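Notes to accompany the following structure.
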Amino acid sequence: MARIRICFIGDSLVLGTGDGAQLGWPGRLARREVQAGHDVTTYNLGIRADTSEMVLARWRAEAGARLPAIHPGALVFSFGINDTAVENGRATRVAFDQSLENARAMITDAKSWLPTLWIGPTPVDETQQPFQAGPAAPEHDFRNARVVQMSDAFAEIADDLGVPYLDLFTPLSGDAGWADCFKSGDGVHPTDNGYAMEAERIAGWSAWRGWFDD
């Protein structure tokens with residue numbers, strides 16, 4: 001039996017926005033491992049609309065308050081899709097090169113502290129763009145070409161740093177089930193079935209399994 005405390009760090013896709021079960025993929029992963037007999041405590045540190053700059057500014061303090069050294073701890077990151085959004089028709093929220101700098105700084109710090117995994121961003125439904133979180137919110141235009149560019153660059157950084165990285169964009173972009181999950185969604189956040197699909201892929205990933213099956 002594994003004993004582990006895990007912080008899931010990132011944006012609304014970590015938080016589970018759009019999931020009627022209010023679990024997202026982190027909650028589904030935790031439930032699965034607890035049902036398998038593991039002692040798992042999870043903390044969801046996803047914040048809606050956070051960019052890599054916002055996550056970089058807060059993650060260490062938030063995770064540090066939840067992962068005391070006396071307990072085995074670990075970190076799972078997923079961020080970056082908000083960086084790629086063009087806001088109100090002007091420019092992306094974070095410049096591409098700056099996103100990569102933020103990511104490298106974050107993951108380097110994380111790896112030096114605790115076991116770390118990195119989950120890539122997921123495809124959007126371009127027919128529902130631009131996305132607007134509410135009447136007073138800015139318009140954010142997400143495009144898959146920018147998302148996959150980000151994911152590929154993140155994979156290169158992860159390989160350079162020796163941190164496991166899971167590309168979700170490639171398999172999900174060709175999955176009809178993923179497209180279906182947006183039929184009642186907002187074009188950025190999947191509904192329940194989409195989060196279940198993510199959780200299933202992560203649960204079977206060898207890097208994730210290594211925390212529980214060794």
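We number each residue from 1, following the sequence as shown. All of these numbers come straight from a predicted model, not from anything done at the bench.
Within the 4.5 Å cutoff, no side-chain heavy atoms of Glu101 are placed close to those of Ser52. Put simply, the side chain of Asp11 reaches to within 4.5 Å of the side chain of Ile81, judged on heavy atoms. At a threshold of 4.5 Å between non-hydrogen side-chain atoms, the residues Phe8 and Tyr43 do not count as touching.
Comment: Lys183 does not engage Asp125 in a salt bridge, judged by the lack of any side-chain N to carboxylate O separation of less than 4.0 angstrom. Salt-bridge annotation for Arg146 and Asp83: absent, with no side-chain N of the basic residue lying under 4.0 Å from a carboxylate O of the acidic one. One finds a salt bridge joining Asp175 and Arg201 here, because a Lys/Arg side-chain nitrogen approaches an Asp/Glu carboxylate oxygen to under 4.0 Å.
By the 6.0 Å and 45° rule, Arg60 stacks over the aromatic ring of Trp113.
Side-chain atoms of Asn102 and Ser99 include no donor-acceptor pair closer than 3.5 Å. One side chain, Glu33 or Trp208, offers a donor N or O that lies under 3.5 Å from an acceptor on the other.
Residue Phe79 is not grouped with residue Leu168 when hydrophobic side chains (ILVMFWY) are merged at heavy-atom distances under 4.5 angstrom, including chains of intermediate members. Cluster annotation: Val76 and Leu29 are assigned to the same hydrophobic cluster (Ile/Leu/Val/Met/Phe/Trp/Tyr, side-chain heavy-atom contacts under 4.5 Å, transitive). Taken together through direct or relayed side-chain contacts under 4.5 Å among Ile, Leu, Val, Met, Phe, Trp and Tyr, Met197 and Val188 form part of one hydrophobic cluster.
Taking the six-membered ring where the residue is Trp, the centroids of Phe77 and Trp118 are separated by 6.0 Å or more.
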Asp19 vs Arg28, salt bridge (charged side-chain N to carboxylate O under 4.0 Å, His left out): CA-CA, chis, key distance, verdict: CA-CA 11 Å; Asp19 181 8; Arg28 285 174 167 80; 2.5 Å; yes

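The distance from the CZ atom of Arg143 to the CD atom of Glu126 is 5.0 Å, given to the nearest 0.5 Å.
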